[in-house]
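In what follows, every chain begins at residue 1, and chains take the letters A, B, ... in the order their sequences are listed.
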4 protein chains.
Amino acid sequence: MTARKERILKSSLELFTENGFHGTSTYGISQHAEVSEGLIFRHFRNKEGLGKAMVEYANEQLSMLYEPILREVDAVIVVRKSLEFPFNLPQALLPYLKLRTKLEWELNLENTDHFAPLRNALINAFTTLGYYQPVQEARVVEMLIEGTLAEVLKDKLADADVLLAYFKTKYAL
Amino acid sequence: MTARKERILKSSLELFTENGFHGTSTYGISQHAEVSEGLIFRHFRNKEGLGKAMVEYANEQLSMLYEPILREVDAVIVVRKSLEFPFNLPQALLPYLKLRTKLEWELNLENTDHFAPLRNALINAFTTLGYYQPVQEARVVEMLIEGTLAEVLKDKLADADVLLAYFKTKYAL
Amino acid sequence: MTARKERILKSSLELFTENGFHGTSTYGISQHAEVSEGLIFRHFRNKEGLGKAMVEYANEQLSMLYEPILREVDAVIVVRKSLEFPFNLPQALLPYLKLRTKLEWELNLENTDHFAPLRNALINAFTTLGYYQPVQEARVVEMLIEGTLAEVLKDKLADADVLLAYFKTKYAL
Amino acid sequence: MTARKERILKSSLELFTENGFHGTSTYGISQHAEVSEGLIFRHFRNKEGLGKAMVEYANEQLSMLYEPILREVDAVIVVRKSLEFPFNLPQALLPYLKLRTKLEWELNLENTDHFAPLRNALINAFTTLGYYQPVQEARVVEMLIEGTLAEVLKDKLADADVLLAYFKTKYAL
DNA sequence: TATGAATGAGCGTTCATTCAT
DNA sequence: AATGAATGAACGCTCATTCAT
């Protein structure tokens, strides 16, 4: 990957996140990346190719999102870290998270179930902890996480501290 | 409101929901509405005006979304109806809900807190029911609802029945 | 001539003078005249018709432009009044003069020789006054008048007083 | 400046001069210049930009208009060449002169005082020649020139020879 | 690999004009 | 006489894309 190709990717990340896919022109990207417009097409064939590359790139970055949780063996800590997760997002990954969420809504991306690994970890944890319906409980936590995440990505979450504390008491953490 | 203006609105609803704002052309709308393209601009000034009108129109339709719940006096029923809400959406309103959600993500609409009235109703309900932290509990239900809603709008919710049942047992309904 | 037709004419005068023929839209005229756009076409058939009517209307108004000079019998006074003419324009006629000049340049109007009557009067005057080449002298005065007029219509004439005085001394007035 | 950009400029000169700014479409220009329409906007940003570039371009061409006169040291010759000037226009510059005059009237260009250098030269000449009011005399010549020029640009000047001869006798040339 | 001039389809928009009322 | 909803062609302009260098 050459330096300019990377600059194109970085600029696309920024501009797609800000203005969406259709709201961003290849000319705009080239300007922002200080690169000739033609180069975008040499590297990505067309705009759609750039979009796909962007999403793949973002997914790669995000692939290790839950990794610290998945490595965890203690069931209680798995639950706690899961609940803390949307409140404590790795700053470096936030742009990629925003991009993926935005593009999933704008384009109708066939959304792979990104949450699956974490959900499985939660199911295991709740099974270990003796929950009566661990699968459903995992889903409940999933909803809490994704609901919180949505607010975070929109910069709308005002009561982060008190909310997280309450989440924890709910699960006796 | 003339018949053709209404047809433009209906077509916009459909096409914006399907392909997003930037992904929909005014020509496409005029074709779909069987109307001259110029008429769109006579009625809405420009595409942005049409977008705003659409969002307002959708918001009007959606304003009565929670109304049956808000009228409810029995605290238990308020909670139950709230939890049932995303599983039991009024079919007529679903398109408007999809549109609003999609456009909120694509364009960066400063999103008014649509959930506020329902949240307040839930706070009251949980207060009545003697919950220790009714405000936070309302937020938890909000997350459950919005998380579920997001999956519904993306046609991703596979375990609706079992999930709703579990929600209810959680709140002893 | 109905009141509204007259309002259309007045608005056209103003807007054509300000922004030219092509720079003025029939919609703009209808707004300015507080009249429905359709009415313009009922009265003038099409925009070109309105343009022609405007020019005719202006020409009618301007037909009496030189009239006070033409009535004059004293040769000296004819010359003096002629030279004073662009410095002392009838305010009511100024807009029509601006319009005609502007449209003559914008559209390539086959320009009737508006100046002819005054030129003839000047020829007579200079003949009476014993000028050696009265026709050419009339042409010189014509140039002085039209040159001055052009500056007046563009609001560019800064040295009006001193210039008129000099003109007069030249012709011993 | 690429060849195509120059072709756009040349075509604009021709078409603007013929039909005015608003009367000329960018599509028409592109056809005439045998160039894609988009190229106009790549080079000039928008139609207004093209208009401004045209006027500047014309002004550049016209900047050397009076240059042969300004170089002249003999006062008599300055006056003679000045009077001859509108009768003896460099054919290559005529289109630019037409364009500038036309656009100054159609658009309301704040018209820089193009005549200033020549006027100053005339003032000097008349001073040298011992005229009592050289400034005003220069203004008189200016009016003669601009009046004649206007007729020339409109192809209205029928008595060129006799008129020029008379001008010369007036100034004893 | 990288540029930048150039393209042409299509976009949002304006405009003169028509027509039912 | 007068309105105002509606049209469709054309306009200025943007955009993804190509290609010679």
Side-chain angles (χ1 to χ4, degrees), chain A residues 1-5 7-8 22-30 33-51, chain B residues 1-5 7-8 22-30 33-51, chain C residues 1-5 7-8 22-30 33-51, chain D residues 1-5 7-8 22-30 33-51:
Chain A
M1 169 112 59
T2 71
R4 292 180 196 232
K5 182 169 179 182
R7 246 153 55 208
I8 294 173
H22 286 117
T24 304
S25 70
T26 52
Y27 175 76
I29 293 168
S30 73
E34 289 178 310
V35 155
S36 75
E37 206 178 347
L39 194 59
I40 295 173
F41 294 87
R42 170 152 289 281
H43 280 307
F44 301 98
R45 210 183 122 77
N46 53 27
K47 196 188 179 187
E48 198 194 335
L50 173 59
Chain B
M1 169 109 63
T2 71
R4 296 188 192 219
K5 183 171 179 182
R7 251 157 49 211
I8 293 172
H22 288 116
T24 304
S25 71
T26 53
Y27 176 75
I29 294 168
S30 72
E34 288 178 311
V35 154
S36 74
E37 202 180 350
L39 194 59
I40 295 173
F41 296 89
R42 283 226 158 247
H43 280 308
F44 302 98
R45 210 182 131 75
N46 52 29
K47 197 187 179 187
E48 196 194 336
L50 175 58
Chain C
M1 169 111 59
T2 72
R4 292 180 195 231
K5 182 169 180 182
R7 249 157 48 211
I8 293 173
H22 287 117
T24 303
S25 70
T26 53
Y27 175 76
I29 294 168
S30 72
E34 290 177 311
V35 155
S36 75
E37 206 177 347
L39 194 60
I40 294 173
F41 294 87
R42 171 153 289 280
H43 280 308
F44 301 98
R45 212 183 120 76
N46 54 27
K47 195 187 179 186
E48 198 193 336
L50 173 59
Chain D
M1 169 109 61
T2 70
R4 297 188 191 218
K5 182 171 180 182
R7 248 151 58 206
I8 294 173
H22 288 116
T24 303
S25 71
T26 53
Y27 176 74
I29 293 168
S30 72
E34 289 177 310
V35 154
S36 74
E37 201 181 351
L39 194 59
I40 296 173
F41 297 90
R42 282 225 159 246
H43 280 308
F44 302 98
R45 210 183 132 75
N46 52 29
K47 196 186 178 186
E48 196 194 337
L50 174 58

C:Ile40 to C:Leu50 - nearest heavy-atom pair and separation: CG2-CD2, 4.1 Å
Closest non-hydrogen atom pair, C:Arg7 against C:Glu34: NH2-O, 3.1 Å
Least distance between heavy atoms, D:Ser25 atom then D:Gly28 atom: OG-N, 2.9 Å
Contact nearer the 5' end of DNA chain F, comparing B:Gly38 with D:Gly38: B:Gly38
Rounded distance in Å - CD (A:Glu37) to P (E:dA6): 15 Å
Sugar-phosphate only, base, or nothing, as touched by B:Ser25 at under 4.0 Å among non-hydrogen atoms: sugar-phosphate
Nearest atoms (heavy-atom pairs only) where C:Ser36 meets C:Ser30: C-CB, 4.0 Å
Among F:dC13, E:dG4, E:dG12, the nucleotide that comes nearest once only the side chain of D:Lys47 is considered: F:dC13
Spacing between A:Ile40 atom CD1 and F:dC19 atom P, to the nearest angstrom: 18 Å
Atom-pair distance (CZ on D:Arg45; P on F:dT14), nearest Å: 7 Å
Residue whose closest nucleotide on DNA chain E lies nearer the 5' end, C:His22 versus D:Glu34: D:Glu34
E:dT1 OP1/OP2 closer than 4.0 Å to side-chain N/O of A:Arg4: no
Interatomic distance, A:Leu50 CG vs F:dT17 P [rounded to whole Å]: 10 Å
Helical stems, DNA chain E - three or more consecutive Watson-Crick or G-U wobble pairs below 3.5 Å: E:2-21 with F:2-21
Between P of F:dG8 and CZ of B:Phe41, the distance in whole Å: 16 Å
Sugar-phosphate, base or nothing in reach of C:Thr24, heavy atoms under 4.0 Å: sugar-phosphate
Sugar-phosphate only, base, or nothing, as touched by C:Thr26 at under 4.0 Å among non-hydrogen atoms: base
Rounded distance (Å) that lies between atom P of E:dT7 and atom OH of D:Tyr27: 14 Å
Touch class at under 4.0 angstrom, heavy-atom based, for B:Arg42 against every strand present: base
Between F:dC13 (P) and D:Ile29 (CD1): distance, integer Å: 11 Å
First encountered from the 5' end of DNA chain F, between B:Thr2 and D:Glu48: B:Thr2
Residue pair B:Thr26 / B:Phe41: nearest heavy atoms and the distance that separates them: CG2-CZ, 3.8 Å
Between P of E:dC15 and CG of C:Asn46, the distance in whole Å: 17 Å
Where C:Thr24 and C:Lys47 come nearest, the two heavy atoms and their spacing: O-NZ, 2.7 Å
